[in-house]
Amino acid sequence: MLKCENLVKVYSGCRAVDGLNLELDAGRIYALLGPNGSGKSTFMKMVVGLIKPTEGKIYLDGEEISDKTRARITYMPTENYFYNYMRIKDTASFYKDFYNDFDEDRMYGLLDRMELHFDGKVRNMSTGMLAKLKVAVAMARNSRVILLDEPLNGIDIIAREHVMNTITGYNNEDKIIIVSSHLVDELEHAAGGAVFIKDGRVVMAGNTEDIRSYNDNKSLVDLYKEIYGGMYNGQTY
């Protein structure tokens, strides 16, 4: 279980995350939802340890986040973090050197599943190719928690389908997978859980079926429109 208690992150007097409380169970893909500036990326960076909370605690399986627990967490940022000179084989070597749990064979298997067969350099890859490579590299680690920040950004519908099929195919009872995206409809059927963040706070979270049941069987897309369109009544699950 990943548990966050009263998380706060302040930047220059602005609360990017403001008293966030959350519990996420293994065996489920969670859609992390909210507009730009809602606190999604800040939350992810605190979980992985890239930034420290101003206040609050984060626990993984009952143990407070530390250098030891961070080794069990994978974070894929929105930005391209590969060097331009790299080829796919270079990224595999790079990750093998840094992470003991990196599985090169799994990475190539994931790339085959996403139909990425390219021997050129990273600088010559399309946006869709880079998205596939980032997901394959991230999910080739044997991590307890996988955080994917906007993996569907800027890619066409076919590439999105490949990426989402890869993510759902990798889910199992031991892992917590958190996917941030503005493309709510793409996550609608893949996510077994959802977390709606607004102004740095969780306004709704839980099993997607429970969320729909408690809200007149509305879709996540409809709930997104209500919450961020100003029509939500403020009840939290």
Side-chain angles (χ1 to χ4, degrees), residues 1-81 95 98-99 101-102 134-135 137-139 141-153 167 170-171 174-184 187 191-206 224 227-228 236-237:
M1 175 187 291
L2 180 68
K3 184 177 182 179
C4 304
E5 293 183 346
N6 300 313
L7 277 188
V8 174
K9 184 61 185 179
V10 179
Y11 293 109
S12 302
C14 177
R15 288 181 171 243
V17 172
D18 187 15
L20 185 148
N21 291 283
L22 186 64
E23 292 186 10
L24 302 179
D25 295 321
R28 190 169 292 161
I29 297 172
Y30 288 89
L32 182 63
L33 305 173
N36 290 333
S38 59
K40 302 189 304 299
S41 292
T42 300
F43 161 70
M44 285 185 162
K45 289 175 181 178
M46 284 193 288
V47 171
V48 77
L50 289 177
I51 58 176
K52 292 184 177 181
T54 305
E55 299 175 21
K57 302 288 186 181
I58 305 172
Y59 301 91
L60 178 58
D61 297 329
E63 184 178 355
E64 190 171 348
I65 291 293
S66 65
D67 290 339
K68 179 181 177 181
T69 59
R70 289 184 194 118
R72 306 201 300 270
I73 302 172
T74 294
Y75 171 59
M76 191 202 83
T78 56
E79 301 82 13
N80 171 27
Y81 46 88
Y95 266 72
F98 272 90
Y99 301 105
D101 63 355
F102 181 77
K134 286 169 60 180
V135 167
V137 166
M139 303 193 78
R141 289 187 58 201
N142 187 28
S143 300
R144 181 84 162 105
V145 180
I146 300 172
L147 306 162
L148 305 175
D149 198 356
E150 299 289 350
L152 306 178
N153 262 11
I167 294 171
Y170 191 66
N171 186 36
D174 296 324
K175 299 186 182 301
I176 300 170
I177 301 177
I178 304 171
V179 184
S180 164
S181 181
H182 294 104
L183 299 171
V184 188
L187 300 179
V195 180
F196 292 86
I197 295 181
K198 185 176 183 181
D199 299 327
R201 297 186 177 189
V202 174
V203 295
M204 185 186 296
Y224 188 99
I227 292 170
Y228 304 108
T236 303
Y237 302 100

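Because the structure is predicted, anything quoted here is derived from the model rather than measured. Keep in mind that the numbers below use all heavy atoms, side chains included, and drop hydrogens, waters and symmetry copies.
The line from NZ of K3 to CG of L60 is 13.0 Å long, rounded to the nearest 0.5 Å. One distance of note links CZ of R28 with CG of N171; it measures 9.5 Å at 0.5 Å rounding. For the atom pair Y59 OH and E64 CD, the distance stands at 5.0 Å (nearest 0.5 Å). For the atom pair CG (L20) and CE (M46), the distance works out to 7.0 Å, reported to the nearest 0.5 Å. Atoms OG and CG, on S41 and L50 in that order, are 11.0 Å from each other to the nearest 0.5 Å. Expressed to the nearest 0.5 Å, how far NZ of K175 lies from CD1 of I29 amounts to 12.0 Å.
A donor-acceptor pair is defined here as one N or O able to donate and one able to accept, closer than 3.5 Å; no such pair exists between the side chain of R70 and the backbone of I65. With K134 contributing its side chain and L148 its backbone, the two residues share no donor-acceptor pair below 3.5 Å. In terms of modelled atom types and a separation under 3.5 Å, the side chain of D149 and the main chain of M76 share no donor-acceptor contact. Not a single donor-acceptor pair under 3.5 Å links the side chain of K45 to the backbone N or O of P77. The backbone N or O of M139 lies less than 3.5 Å from a partner atom in the side chain of Y170, making a donor-acceptor pair. Between the side chain of K40 and the main chain of I197, no donor-acceptor pair closer than 3.5 Å is present. At least one donor-acceptor pair under 3.5 Å links the side chain of Y30 to the backbone N or O of D25. At least one donor-acceptor pair closer than 3.5 Å links the side chain of K198 to the backbone N or O of I227. The closest donor-acceptor contact from the side chain of T54 to the backbone of V10 lies under 3.5 Å.
Using a 4.5 Å heavy-atom threshold, the side chains of R201 and R15 count as separate. Within the 4.5 Å cutoff, the side chain of N21 has heavy atoms near those of the N6 side chain. The shortest side-chain heavy-atom distance between P35 and Y224 falls under the 4.5 Å cut-off. The shortest side-chain heavy-atom distance between D61 and R72 falls under the 4.5 Å cut-off. With contacts defined as side-chain heavy-atom distances shorter than 4.5 Å, the pair T69/I58 does not qualify. Contact of the S181 side chain with the E150 side chain is registered, since non-hydrogen atoms from C-beta on lie closer than 4.5 Å.
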Kindly indicate, with the supporting measurements, whether the criterion side chain to side chain contact (heavy atoms under 4.5 Å, CB included) is fulfilled by D18 and D199.
-> CA-CA 7 Å; D18 187 15; D199 299 327; over 6 Å; no

Would I178 and L2 count as a side chain to side chain contact (heavy atoms under 4.5 Å, CB included) if you check the C-alpha gap in whole Å, the side-chain angles of each, and the deciding distance to 0.1 Å?
-> CA-CA 11 Å; I178 304 171; L2 180 68; 4.1 Å; yes

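Heavy-atom minimum distance, Y228 versus L33: OH-O, 3.1 Å. Considering every non-hydrogen atom in both V17 and G39, the closest pair reads CG2-O, 3.9 Å. What you find for C4 and F43 is that their closest heavy atoms are SG-CE1, 3.6 Å. Nearest heavy-atom pair across I176 and A26 is CG1-CA, 3.5 Å. Closest approach of I167 to P151, counting heavy atoms only: CD1-CG, 4.5 Å.
Remark: the H182 side chain and the N153 side chain contain no N/O donor-acceptor pair separated by less than 3.5 Å.
Taking a 6.0 Å sphere around CG of D101, one finds it holds more than 12 heavy atoms contributed by other residues, nucleotides or ligands.
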